Number of protein chains: 2
Amino acid sequence: MSQSVEWSVHCCLALAWIETDQPVSVAALSTWFDLPRAYLNKGLQALVRAGILTSHPGLRGGFRLARPPEQITLLDIVVAHEGREDAFRCTEIRQRGSGVDPAAPEFRRACAVTTAMRKADLAWRRELAAQTVADLMAAAPQAAAARTRRRHQSLRG
Amino acid sequence: MSQSVEWSVHCCLALAWIETDQPVSVAALSTWFDLPRAYLNKGLQALVRAGILTSHPGLRGGFRLARPPEQITLLDIVVAHEGREDAFRCTEIRQRGSGVDPAAPEFRRACAVTTAMRKADLAWRRELAAQTVADLMAAAPQAAAARTRRRHQSLRG
DNA sequence: GCCGGTATACTCGGATATATTATGTCCGAGTATATGTGG
DNA sequence: CCACATATACTCGGACATAATATATCCGAGTATACCGGC
């Protein structure tokens with residue numbers, strides 16, 4: 001899985017802990033987490049396209065959460081990066097080779113292999129969808145939230 | 001996910017349906033499924049290293065299942081290709097940046113983000129481990145098994 | 001007819017290219033702010 | 001002192017390189033078979 005997913009989740013957490021409407025620049029976030037600024041920006045753009053964040057150009061610009069942390073799931077963030085399609089791609093190799101009629105009734109039903117894989121994929125997605133950014137905020141230690149707010153304060157000073 | 005996973009599962013199904021101890025060459029398998037022979041071989045080698053298949057060189061050589069279909073899970077096959085580690089890689093970015101003491105007590109506990117991701121990963125693995133090749137044999141239409149056996153017969157003729 | 005040695009055709013296995021994707025970098029368009037100027 | 005035009009510094013956004021990985025291919029080492037000659 002893309003590294004950007006991890007970065008994005010931590011950035012969303014930080015933006016949620018700030019508890020303010022003023023945007024946070026990618027420069028600040030990249031400094032806080034010691035990440036390559038330009039590439040982090042690329043990842044956050046994906047979240048903007050997915051409607052998870054909103055971006056604001058100009059001085060004092062940056063990124064904000066597009067909606068409350070309770071309404072942002074891990075699945076949302078993962079899908080923003082990896083896309084909505086399953087990790088397992090069925091290419092229907094059961095229909096390949098000579099002497100196979102693609103119109104045969106047996107192919108009306110989905111491939112058994114694909115069905116099994118999709119079942120696992122759905123379980124994975126179900127767990128991701130059950131965890132919101134707000135849940136992570138509650139699970140993380142208070143020190144993490146405090147550190148984020150401290151860092152945010154020291155921006156203006 | 002690697003394409004080889006799909007190929008491997010279908011090959012294991014074929015080997016199970018054959019119901020014989022004589023090995024099947026990668027040449028035959030690649031013909032049956034219309035796949036690149038050499039690259040399919042590479043994928044099956046991974047299964048051999050994982051102990052799922054056994055390989056037999058020489059004339060009339062090929063691949064066999066190393067154990068009964070009931071004892072081969074989808075997780076076994078996936079792990080043989082993708083490795084045992086989680087798709088999500090935690091790089092502990094919570095500890096990065098200036099003014100963070102890596103020895104702080106808060107870091108004794110696992111990263112909340114990683115924990116959430118791992119929970120989803122475990123659910124995925126649980127579903128994969130619950131499905132054996134034998135289960136797939138039962139779920140697939142009889143026509144698939146029959147076609148495989150027919151193909152195997154026509155090898156010697 | 002039977003046995004043993006040998007040639008052979010076929011097998012896997014790993015070393016070697018190519019294509020695709022992920023990662024990383026750079027610079028420009030655009031905007032909110034700060035500043036200076038005139039009223 | 002206030003309003004306004006302007007300059008400016010800072011923002012994101014996408015176009016452009018590089019590294020890593022997945023995909024594909026080729027050729028060699030090794031083996032079970034088939035063949036052939038000798039007994």
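None of these values were measured; they are calculated from a predicted model. Letters A, B, ... are given to chains in the order of the sequence lines, protein chains preceding strands, and every chain is numbered from 1.
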Per-nucleotide protein contact along nucleotides 28-35 of chain D, 5' to 3', at a 4.0 Å heavy-atom cut-off (B base, S sugar-phosphate only, - neither), is --BBSS--

Output the rounded distance in Å from [atom1] ([X]) to [atom2] ([N]).
X	N	atom1	atom2	result
A:Y39	D:dC16	OH	P	19 Å
A:L47	D:dG13	CG	P	11 Å
A:D34	C:dG24	CG	P	12 Å
A:Q22	D:dC10	CD	P	17 Å
B:R49	C:dG13	CZ	P	9 Å
B:L29	C:dC12	CG	C1'	13 Å
A:H81	C:dT23	NE2	C1'	13 Å
B:R37	C:dT11	CZ	P	8 Å

Taking [Y]'s backbone N and O only, do any of them form a donor-acceptor pair with [X]'s side chain (distance below 3.5 Å, no angle check)?
X	Y	result
A:R37	A:A27	no
B:N41	B:A38	no
B:E70	B:T132	no
B:R89	A:M1	yes
A:E82	A:S2	yes

[X] side chain, from C-beta outward: closest of [options]:
X	options	result
B:N41	C:dC12, D:dG13, C:dT25	C:dC12
A:K42	D:dA24, C:dG24, C:dG13	C:dG24
B:Q45	C:dG14, D:dC12, C:dT25	C:dG14

Notebook entry, point to check: Are A:W17 and B:V100 in one and the same hydrophobic cluster, where Ile, Leu, Val, Met, Phe, Trp and Tyr link if side-chain heavy atoms are under 4.5 Å apart?
Noted result: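 No.
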
Side-chain donor-acceptor contact under 3.5 Å, A:H10 with B:R94: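 No donor-acceptor contact under 3.5 Å links the two side chains.
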
Contact class for A:R89 (heavy atom, under 4.0 Å): base, sugar-phosphate, or nothing?
->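 Contact class for A:R89: sugar-phosphate only.
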
Taking only heavy atoms on the protein side, list every residue of residues 1-8 of chain B lying under 4.0 Å from any atom of DNA chain D, sorted numerically.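 The stretch gives B:S2, B:Q3, B:W7 as the residues lying under 4.0 Å from the strand, ordered by number.
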
Notebook entry, point to check: side chain to side chain contact (heavy atoms under 4.5 Å, CB included) between A:L35 and B:R96: does it pass, once the steps are laid out?
Noted result: CA-CA 9 Å; A:L35 299 175; B:R96 297 194 200 174; 3.3 Å; yes

If each of B:E82 and A:S25 is mapped to the nucleotide of DNA chain D with the nearest heavy atom, which maps nearer the 5' terminus, i.e. the 5' end?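 The residue mapped nearer the 5' terminus is A:S25.
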
key: Under-4.0 Å salt bridge between B:R126 and B:D121   =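 No, B:R126 and B:D121 are not salt-bridged.
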
